[in-house]
Student: 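Can you read through this structure? Questions will come right after.
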Amino acid sequence: SEYDNFDEKVSDAFNEAVNAAYKEIKFSVLDNFTRRTGRLLDSVMLDEESETSASIYVDSDSAPYAAIQDIGGEIQPRNAQYLWIPLPIASNGITPIYNSVREAISTEGLRFIISKLGSPLLVKKYKNGIEPWYYGTRSVFIPATNWFSDGFENAERVFEDVFFGQLGI
């Protein structure tokens with residue numbers, strides 16, 4: 001009868017639909033961000049709990065900034081006086097990426113100054129002047145990208161299309 005392999009067909013359709021939905025959320029990350037470290041992309045997890053149960057979620061331990069990038073909000077330094085924003089270096093327009101501002105300071109010999117306008121800067125000093133590398137601020141507003149919430153919404157549609165399509169419904 002047409003119901004002989006129904007459980008197996010539902011299970012196969014479910015697995016295919018979950019994987020398609022998972023890929024859709026990953027695509028949302030790639031659509032919204034330039035990939036630097038890959039941690040945000042790698043933080044999207046799929047936990048297939050059983051043949052008919054699965055969870056797609058963000059592992060906040062591997063990307064603690066994932067939520068603020070999705071919903072937006074203000075960030076402030078936790079263990080420092082300033083957040084340091086890299087500035088494009090005048091000589092080539094690119095600030096080298098370091099693991100921390102401390103590493104940049106020790107590697108590049110940067111110095112802390114307060115500009116004439118009162119802005120904190122980390123600069124590289126030369127005989128004939130300075131080159132600003134980082135701008136210090138007490139907070140930054142991160143705009144919402146909705147990378148996960150939009151991706152999840154799209155993933156729900158993808159799941160339904162694939163699942164019901166596989167079942168011929």
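Hydrogens, waters and symmetry mates are skipped; everything else that's a heavy atom, side chains included, is used. Model, not experiment: these values are computed from the prediction.
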Student: Name all pairs fulfilling the side chain to side chain donor-acceptor pair (under 3.5 Å) condition that reach into residues 64-74, sequence neighbours left out, sorted by first residue then second.
Tutor: D70-S149, E74-S139

Student: So if you build clusters from Ile, Leu, Val, Met, Phe, Trp, Tyr with side-chain heavy-atom gaps below 4.5 Å, do I114 and Y134 land together?
Tutor: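 Yes: a chain of side-chain contacts under 4.5 Å links I114 to Y134.
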
Student: So, using side chain to side chain donor-acceptor pair (under 3.5 Å) as the criterion, who are the partners of E103 when residues are at least two apart?
Tutor: none

Student: Could you identify which residues cluster with L117, counting Ile, Leu, Val, Met, Phe, Trp and Tyr as linked when any side-chain heavy atoms lie under 4.5 Å apart, either directly or through a chain of such contacts?
Tutor: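 Joined to L117, directly or through intermediates: none.
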
Student: Which residues end up grouped with V158 if you chain together Ile, Leu, Val, Met, Phe, Trp and Tyr wherever their side-chain heavy atoms are less than 4.5 Å apart?
Tutor: V162

Student: At what distance, to the nearest 0.5 angstrom, does CD1 of I56 lie from CD1 of I25?
Tutor: 4.5 Å

Student: Can you pull out every ring-ring contact (aromatic ring centres under 6.0 Å, His included) where at least one residue sits in residues 150-169? Sequence neighbours excluded, please.
Tutor: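 Qualifying pairs, neighbours excluded: F14-F159, F148-F152, F159-F163.
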
Student: Please give the remaining members of the hydrophobic cluster of Y57, linking ILVMFWY side chains under 4.5 Å, ordered by chain and number.
Tutor: M45

Student: Quick check: does any side chain N or O of S60 sit under 3.5 Å from a backbone N or O of P64, one acting as donor and the other as acceptor?
Tutor: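 Side chain of S60 to backbone of P64, a donor-acceptor pair under 3.5 Å: no, none is there.
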
Student: Look at the side-chain heavy atoms of Ile, Leu, Val, Met, Phe, Trp and Tyr, link any pair under 4.5 Å apart, and say whether I113 and Y135 land in one connected group.
Tutor: yes

Student: Find out whether P86 and W133 are in side-chain contact, i.e. whether some heavy atom of one side chain is under 4.5 Å from a heavy atom of the other.
Tutor: no

Student: Could you grab the distance from atom CD1 of I75 to atom OG1 of T137, nearest 0.5 Å is fine?
Tutor: 9.5 Å

Student: State which residues pass side chain to side chain donor-acceptor pair (under 3.5 Å) with N19; sequence neighbours excluded, sorted by chain then number.
Tutor: none

Student: For S100, enumerate each residue passing the side chain to side chain donor-acceptor pair (under 3.5 Å) test, keeping only those at least two apart in sequence or located in another chain.
Tutor: none

Student: Going by the rule side chain to side chain donor-acceptor pair (under 3.5 Å), which residues pair with T107 if we only count those two or more places apart in sequence or in a different chain?
Tutor: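 For T107 there are no side chain to side chain donor-acceptor pair (under 3.5 Å) partners, ignoring immediate neighbours.
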
Student: Under the side chain to side chain contact (heavy atoms under 4.5 Å, CB included) rule, collect the residues that match up with R138, sequence neighbours excluded.
Tutor: Q81, Y82

Student: Test of understanding: clusters of I, L, V, M, F, W, Y form through side-chain heavy atoms closer than 4.5 Å, transitively. Do W84 and F141 belong to the same one?
Tutor: no

Student: So, for E48 and A54, which heavy atoms are closest and what is the spacing to 0.1 Å?
Tutor: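 Looks like CA-CB, 4.0 Å.
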
Student: Would you find a donor on one side and an acceptor on the other, under 3.5 Å apart, between the side chain of S43 and the backbone of L40?
Tutor: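 Yes: the side chain of S43 pairs with the backbone of L40.
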
Student: Hey, what do you get for OH (Y22) to OG (S55), rounding to the nearest 0.5 Å?
Tutor: 12.5 Å

Student: Side chain to side chain contact (heavy atoms under 4.5 Å, CB included) with I105: which residues, sequence neighbours excluded?
Tutor: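 I105 satisfies side chain to side chain contact (heavy atoms under 4.5 Å, CB included) with V101, L110, L122 once adjacent residues are dropped.
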
Student: Rounded to the nearest 0.5 Å, what's the gap from CG on L46 to NZ on K23? Could you check?
Tutor: 11.0 Å

Student: At their closest point, which heavy atom of W147 faces which heavy atom of V44, and how far apart are they?
Tutor: CZ3-CG2, 3.7 Å

Student: What pairs meet the salt bridge (Lys or Arg N to Asp or Glu O under 4.0 Å) rule with one or both residues in residues 118-128, with sequence neighbours excluded?
Tutor: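 For residues 118-128: E108-K124.
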
Student: Atom CD of Q166 and atom OG of S11: how far apart are they, to the nearest 0.5 Å?
Tutor: 12.0 Å

